[in-house]
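To start, the structure under review is shown below, and the notes come after it.
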Amino acid sequence: IRDLVRSRGLGDVYKRQTIELTEIESTHRMDWMSINKQAFIPGTSQPPIYPLGRYLPVIPNGMITRMLDKKTKRGGVLVDPFGTSPAAIIEAARAGYRIIVACNNPIISHMLRVKAKAYSNERFLRILSTLSATRKGDERLERHLEDLYQVQCPECSASNQARMFIWAKGASTPTAAVLECPACKRKSELPAGPESQQKLFALLKGSMYRARALERIAAVNDPIRPRVEQALESYQARPLYVLITILNRLESLQLDVDDESILQALLISAFDAGNTLWPHPSSNLRPKQLVLPPNIRENNLWLVLNEAI
């Protein structure tokens with residue numbers, strides 16, 4: 001408009017239009033600034049801890065509720081066409097919104113179904129207790145798996161489960177173990193002793209667990225088999241042994257549909273904690289590729305299962 005009135009020499013019209021355009025631009029800027037004030041809505045606390053949290057959107061607790069309360073009334077129906085964030089969906093449901101979710105990721109979808117049913121902690125504990133009581137040879141599964149992580153406390157000499165083992169990238173044995181001793185209440189990082197290394201060597205003698213894991217996922221002629229082999233390289237011998245052992249017991253437990261779903265949900269945490277993409281010391285790393293950190297944290301998967309509840 002300015003170019004038009006300039007070209008026609010309409011001085012008074014140009015001045016009037018300039019004033020009007022300036023007022024319009026000022027109004028639009030004010031509207032945009034008011035929108036920008038809501039461009040980031042803070043939460044009320046830190047994001048909740050969810051399985052696979054390293055791969056999910058980071059959404060502070062309370063942010064979704066604040067955003068929705070500004071736009072709609074509680075009790076209304078919401079549609080999430082992507083289902084990428086269990087935290088956002090569960091928060092909206094807890095705030096009183098009815099929500100329909102389309103999610104094509106089978107793992108996130110399973111997590112959502114279990115969270116939405118809001119099972120009690122007692123039910124989780126009962127199912128895990130049932131798993132613990134199954135037999136591995138002549139001993140309880142719980143005792144068998146705990147023994148794989150046993151180390152001796154350097155302070156009180158008590159034998160307890162290590163919380164994690166530390167590996168240098170490319171090493172054949174762990175360099176250290178991290179222990180939180182329940183007897184003397186001390187946390188220490190100690191060299192991995194010969195006893196724990198002997199247990200590891202016993203697992204390394206047979207590769208049947210890695211082969212069994214590969215066969216469970218992809219048959220010989222399956223086109224995704226090379227990718228599965230690459231993914232399995234991200235699991236060391238002990239975590240892979242623990243996971244396959246638990247999966248074998250899961251098939252023999254004869255649980256009902258809900259109980260099996262709960263145990264599978266716990267295993268999601270164990271599968272994630274069992275890979276070699278965890279650095280030591282801990283960081284906020286959000287891995288996008290199967291790249292090993294310089295120092296690897298091997299988590300105690302039996303503790304992970306118990307704490308996943």
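Starting from 1, each residue takes its place in the sequence as its number. The figures that follow rest on heavy atoms only: side chains count, while hydrogens, waters and symmetry mates do not.
Side-chain atoms of Cys184 and Cys153, non-hydrogen and from C-beta on, do get closer than 4.5 Å to each other. Considering only heavy atoms from C-beta on, Arg66 comes within 4.5 Å of Thr44 through its side chain. Side-chain contact check for Met111 versus Pro51: some heavy-atom pair is nearer than 4.5 Å. Side-chain contact between Asp272 and Trp278 is present, with heavy atoms from C-beta onward closer than 4.5 Å. Considering only heavy atoms from C-beta on, Pro191 stays 4.5 Å or farther from Thr175 through its side chain. In this structure, Leu290 and Gln230 have side chains that are in contact, with non-hydrogen atoms separated by less than 4.5 Å. Using a 4.5 Å heavy-atom threshold, the side chains of Val220 and Glu215 count as touching. Between Arg186 and Glu180, every side-chain heavy-atom pair lies at or beyond the 4.5 Å cut-off.
Grouping the Ile, Leu, Val, Met, Phe, Trp and Tyr side chains by contacts below 4.5 angstrom, directly or via other members, places Leu141 with Tyr241.
Within a 6.0 Å radius of CZ in Arg227, other residues, nucleotides and ligands contribute 12 heavy atoms or fewer.
Between the OG atom in Ser283 and the CZ atom in Arg297 there is a gap of 8.5 Å [rounded to 0.5 Å]. Rounded to the nearest 0.5 Å, atoms CZ (Arg249) and CG (Leu263) are 13.0 Å apart.
Donor-acceptor pairing under 3.5 Å is recorded for the side chains of Ser159 and Gln150. In summary, the side chains of Asn121 and Arg123 do not present any donor paired with an acceptor at a separation below 3.5 Å, with no hydrogens or angles considered. A donor-acceptor contact closer than 3.5 angstrom is absent between the side chains of Asn160 and Tyr149. The closest side-chain donor-acceptor pair between Trp302 and Gln161, if any, does not fall under 3.5 angstrom. Judged purely by distance below 3.5 Å, without hydrogens or angles, the side chains of Arg140 and Ser132 never pair a donor atom with an acceptor atom. A donor-acceptor contact under 3.5 angstrom links the side chains of Tyr97 and Asp69, judged on distance only. Side-chain N/O atoms of Arg113 and Ser109 include a donor and acceptor closer than 3.5 Å.
For the pair Lys115 and Tyr50, the cation sits on the ring face: its NZ or CZ lies under 6.0 Å from the ring centre, inside 45° of the axis.
Salt bridge Arg163/Glu307: present, at least one basic N to carboxylate O contact under 4.0 Å. Ion pairing between a basic and an acidic side chain is recognised when a charged N comes within 4.0 Å of a carboxylate O; Arg216 and Glu251 show such pairing.
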Does Phe165 form a ring pair (Phe, Tyr, Trp, His ring centres under 6.0 Å) with His280? I'd like the steps, not just the answer. CA-CA 10 Å; Phe165 289 97; His280 180 77; over 10 Å; no

